[in-house]
Amino acid sequence: EGVLLVGANAFTTALGVALRGLGLKVMMADTAKFALRNARKQDLEVYRGDVLDEVTQDTPDMLQFQQVIAATDSDSYNALICAELGPEVGTGRATQTGSDRERPA
């Protein structure tokens, strides 16, 4: 099974390493080259670019992923990723993380 993690940060890198340790194929995707640096250092497969950009011909083959976890800094972009990629991987297999910012009560 494969997992696509969208949004390179300390959390997703640690998650990717743990998932790989369980024998899963993991790819980390982000538009920022610098953000992917730690994932590369952990020998995770990386994709630099927007996974939703249909114009780019070198987007990852979505058939290799059975789970998508959207964990960027943007809640709205995470929701868009799940809405767009959910039908490809299965709606219940596209997950977005919540923001770690304090929300007003």
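Note that the structure is a prediction, hence the values are computed from the model and not measured.
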Original post:
Mind checking whether Tyr47 and Val89 sit in one hydrophobic cluster, side chains of I, L, V, M, F, W, Y counted as touching below 4.5 Å?
Top reply: yes
**OP:** Using salt bridge (Lys or Arg N to Asp or Glu O under 4.0 Å) as the criterion, list what pairs up with Glu88, not counting sequence neighbours.
**Re:** none
Subject >> Ile81 CD1 to Gln96 CD distance, which is reported to the nearest 0.5 Å >> reply: 9.0 Å
Original post:
Where is the tightest heavy-atom contact between Ala70 and Cys82, given as atom of each residue plus distance?
Top reply: CB-SG, 4.3 Å
**OP:** Answer yes if Ile69 and Val26 sit in the same cluster of Ile, Leu, Val, Met, Phe, Trp and Tyr residues linked by side chain heavy atoms under 4.5 Å apart, and no otherwise.
**Re:** yes
**OP:** With the side chain counted from C-beta on, respond yes when Met27 and Gln64 share a heavy-atom pair under 4.5 Å apart, and no when they do not.
**Re:** yes
Original post:
Can you tell me how far the CD atom of Glu84 sits from the CG atom of Leu52, to the nearest 0.5 Å?
Top reply: 6.0 Å
Original post:
Mind checking whether Val68 and Leu24 sit in one hydrophobic cluster, side chains of I, L, V, M, F, W, Y counted as touching below 4.5 Å?
Top reply: no
Original post:
At their closest point, which heavy atom of Ala8 faces which heavy atom of Leu36, and how far apart are they?
Top reply: CB-CD2, 3.8 Å
Original post:
Among all residues two or more places apart in sequence or in another chain, which pass the side-chain hydrogen bond (donor to acceptor under 3.5 Å, both in side chains) test with Gln67?
Top reply: Thr95
Subject >> By side-chain hydrogen bond (donor to acceptor under 3.5 Å, both in side chains) - contacts of Thr72 (at least two apart) >> reply: Asn78
**OP:** Tell me, please, which residues at least two apart from Glu45 pass side-chain hydrogen bond (donor to acceptor under 3.5 Å, both in side chains).
**Re:** Lys25
Original post:
Looking at residues at least two apart in the chain, or sitting in another chain, which of them share a side-chain hydrogen bond (donor to acceptor under 3.5 Å, both in side chains) with Asn9?
Top reply: Thr12
**OP:** For the residue pair Phe11 and Leu5, establish whether any side-chain heavy-atom pair is separated by less than 4.5 Å.
**Re:** no
Original post:
Measuring from Glu1:CD to Leu22:CG, what's the distance to the nearest 0.5 Å?
Top reply: 11.5 Å
Original post:
Are Val3 and Val51 joined in one hydrophobic group, where the rule is that I, L, V, M, F, W and Y side chains link up if heavy atoms are under 4.5 Å apart?
Top reply: no
Original post:
According to the side-chain hydrogen bond (donor to acceptor under 3.5 Å, both in side chains) rule, which pairs have a member within residues 26-37, sequence neighbours left out?
Top reply: none
**OP:** Keeping to residues at least two apart or across chains, list the salt bridge (charged side-chain N to carboxylate O under 4.0 Å, His left out) pairs with something in residues 6-20.
**Re:** none
Original post:
Are Leu80 and Phe65 connected in a single hydrophobic cluster, I mean Ile/Leu/Val/Met/Phe/Trp/Tyr linked by side-chain heavy atoms less than 4.5 Å apart?
Top reply: yes
